Amino acid sequence: MAKTAFRFLLRENDQPFHSSRCYIVADPAIDDRHQWTLQLEPPEGETWVYQIDDIKDWMLHGVSKRQILHDKNNLSTRFRDLEREEVFREYLRKIVEKIPLHYQNRRKYALMPSLSDEDARGRYKEALEAAIPGVTVVPEPEMVGEYFRLLKQNLELEAGKNNVILVVDVGASTANMTIILSRRDRTIVDLDATGAQRDLRLRALRGDSAGHAGRWVDLRLAEILGLGGSDAALRAIETAKVKASLGEDAVYVETSSTATVTSLSIDRATLASVSKELWGELRPLFAKLCERLYENQRSSKDARQKSNERLSELGVSSVSDAHRLIDTILLAGGTSLLPGFEEAMLASLFPSGHRPAVLRVGSAFAIAAAAGGLAHILHNYVPPRLRKPNGSGQEVFTTPLDGTLPYSLLLGVKQPPGREYHVTLLDPNDPFVDDGGKRQIEGIPLLAKGMAPKMRVVPGLEAGVLARQGRTFLNMRVKQSPVKMELDWDPGRQRATIHSDQLEATGHLWIDVNSLRKRQEAALDPFDEDIPADGLAVDAAEDIVLDLGMSKIVVVTADRGWISADELERVVREGCPVGSLSDEVEIEQHLEPEGTEGRDVRSAGRGGDGDIVVISDGEVVEAMPIDEIGARETEPAGPSGPEVLVSSLVQRPASTTLPRAQAISQVDWGARVADAEFSHALVSLRDDVAAKEPKLQFNDIVVALLALAVRPVVLLAGPPGCGKSTLVRLIARILGKERGKSFHEVAVQAHWGDDEALFGKSGLLDVLFREGESAHLVMFDEFNLTRPEYYLSRLFHALESGSGAISHDRRIAPCRVFGTLNIDDSSRPPSPKVIDRCFLMELSQVSHTSDDPPELSTFESMPILPGLPAVTLNAASADKTIDSVLDALHMAVHTHELRHDLLPSRRVLSDIKASLSLHSSLDLQGKNLLDRNDLIDRLIASRILVKLAGAFDQVGPALDALEKVVEGVEELPRTRRRLKLARHQARLGFVSPWQ
């Protein structure tokens, strides 16, 4: 068992964090402005590398687009466009992939920094949610408070007054200030616009940030020393600054030009002087917070009644005195460790002599925030999983805390026929969340008198599919049009209710947000062993907290054991050697599942030291540790263009790590291309298709391409005339295949009993033997007109084995296969064995208002995709919605002793994981190419539920269980439609997915 329960999953030089540094690598031989890769470790053997020192600063405070140049002295040099959000999303994916495999599927929480800029908050949150599927975003300053409250247990709140806590984080790139308030009864609460206090809640007054932080100090020291502001000089100053902070003697700034000049040194007196200057620059930031604090205390009659006595006691009569209200400062950030920093802060911010208590975190701010966030999550389990040894968790902490509104609240409106239309009732960033009261709901769709729409109240889409499970629609009736509806929001009870005298039966339109905060889940194996006197018992939980600090990235989870603040501080002070909180985690070797022979499905993980571990075809290849990369040069942005960054040319030995696009089977279909190349080509293709055929369902194209990358045979199923053959021909054009040369259409005949018509003398696919170097695409039209086993058995074997062998002396060229499958009364459904070996994709019937199918000539000039992407399993290969469906299906099969062939095979599960991994690695969510919920719905309906067939007494219990899982989950329309079809067939005594 681990010595303590909190396990830090990223390490760097035995420290419980990873640097926020990363590297952009590009190949100067490729003339593609979008072609680059991102690495967390210094790359080897690359000639074009750009180093990002602080990815969080890059995301929050940089320009939206940068360009890096290969050679700034060459006007025709290669360059790369770096989109801010795209780089950040790729970085996040790399961080999650670095988490040991054993922990990657746990629930993930990411901390949101305190930002007053709504645009920056929105961009940051959207990037987190797009890059880390299913992530929950929680506020960072409150979690620092939780570190002191839950773990250190030294955040003293005085009864009978409003305790005001100032969180100050002055890091490497930015300075953040945030205010938190407590109630008179010692309950931590929010600071809202009216001064009214809310039970059982905490919300920070939205903080502000400024660029006056560690880098500002370095620039000021460079100015004092007479050095330039180059990256090399600033790094040398940073090194000397840290050494001088820790000692009494002067420290020389060691650069190539100053190594022998004794006058260029930094001492503690210099640092104290600069600290004083820094607080002069930060004083306006603090003044803005004090204005908000004073307004909070005086903005309403209720606020004044509650605050007058306290204001009088402290001598607060105007905004200029508001700083006296602050009782405690939580001081954090590496810059806060500078000599004279704390003294300068108090002298600058509290000139009247009022001195609040100071609790220090120092450079361990990210660790404290992540640990506090995890403690908060553990304590919000019911029963709590953070407890005193006697197990009486509710008695451990008498000061309760709940975060701000965790998700937006939506009104779902559904009019037949149609999908759910969402009206936003409450957004977490809306001040009305704190104020409460009643207001009219905007954006309600037009509802005519007499209509019977269905409505419900649900948490926002960011809460995940499972949060809306069971929240069903109920019928309403419109009495008057246009309909007016009113939201009644009680921030104390955290309850939203909708009223309207123009609708009948609105009683079900309410939601209790508190139900979204607690997780009713008892620990299977509670910790009840001996622990230190200051320790807390921790029960294992499937949760991971990520804090993206300005200089360090912390990822922490909880296993069964104990934790104490002293032990956490010891780890921060002494690091994380093997055997401590960050024990080495055994890498799970996920070998290829049964039935995936010949496919390149690789599992990638990381060892404890950050080395890459790749498992391919059962063989483990481990990368060697990587050296530090050289510094880059920076060229400021011009007034009329994006910021231009010039990277240095670094010569390194060849890397031992095999790039994804190269590690493919020799018998695979065509060239596998880099993720960025493929996804950017998809963006260009989408824009081209939207301009020429805006009604074309581009989602179908993307899913078909994913399916083709994952499995060699893809079936397109749907009613006649829905566009199956047209879609295949369009994809052939997209992939650059020519009819008769590399694209072949085969009309299946009902009389075929073998494959002689295909592979016999002068067979329809004889070209596959003659054109062995080309990658071919074959379409079998009306795939199920006869039994596919009769004419495709040898082709299935050739493709799945990867050998291409039709017989002992004949091999076909690399190829991929589409089959069109009609779903009507005249068609023979394929056998379960055939369906299992194909990637089934269902197309919907076209609308009666649709135009004629698009002509292929329309797309003659469309961009050609360079190939298909490589398939690599990563941390995004799991999904909670799919897991819940699989769990329900397994439980029903085993409990009721149903047929085991109702369960998906390992081949199917492998395809699902590969599809989800591709969706993440290609950044399809971030680039708005394919919504993840749409992909999940298709995978459940077409890869799992398609096996729901047979006598109803064998299928009924599974159908019951599955219907409960997806009840009220409108994001799964295909899944719900397939279950509804099965339910309708129940009266016939037999269920089939094809009728």
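Predicted model only: the values in this text are computed from it and were never measured.
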Visitor: Are any side-chain N or O atoms of Ser245 and backbone N or O atoms of Lys241, one a donor and one an acceptor, separated by less than 3.5 Å?
Guide: yes
Visitor: If you measure from the Lys or Arg side-chain nitrogens to the Asp or Glu carboxylate oxygens, is any gap between Glu223 and Arg220 under 4.0 Å?
Guide: yes
Visitor: For a quick test of reading the model, state the closest non-hydrogen atom pair linking Val144 to Ala369 and the distance between them.
Guide: CG2-CB, 3.8 Å
Visitor: Quick check: does any side chain N or O of Asp54 sit under 3.5 Å from a backbone N or O of Lys56, one acting as donor and the other as acceptor?
Guide: yes
Visitor: With the threshold set at 4.0 Å, does a side-chain nitrogen-carboxylate oxygen contact exist between Glu86 and Arg89?
Guide: no
Visitor: side-chain contact (heavy atoms from CB on, under 4.5 Å), that's the test. Do Tyr109 and Ile377 meet it? Break it down for me.
Guide: CA-CA 9 Å; Tyr109 301 79; Ile377 292 166; 3.4 Å; yes
Visitor: Can you see which heavy atom on Glu291 is nearest to which on Val319, and at what distance?
Guide: CG-CG1, 3.6 Å
Visitor: Should His18 and Glu41 count as side-chain neighbours, where that means a heavy-atom distance under 4.5 Å?
Guide: yes
Visitor: Between Phe350 and Phe286, is the gap from one ring center to the other below 6.0 Å?
Guide: yes
Visitor: Treating Ser564 as the side-chain partner and Leu536 as the backbone partner, does any N or O pair qualify as donor plus acceptor under 3.5 Å?
Guide: no
Visitor: Would you mind checking if Asp53 and Arg235 are paired as a salt bridge, meaning a charged N to carboxylate O distance below 4.0 Å?
Guide: yes
Visitor: Salt bridge or not for Glu83 and Arg66, using N-O below 4.0 Å?
Guide: no
Visitor: Would a line drawn from the ring center of Phe341 to the ring center of Trp279 be shorter than 6.0 Å?
Guide: yes
Visitor: Over 60° means perpendicular and under 30° means parallel, so tell me whether His323 and His354 are parallel, tilted or perpendicular.
Guide: tilted
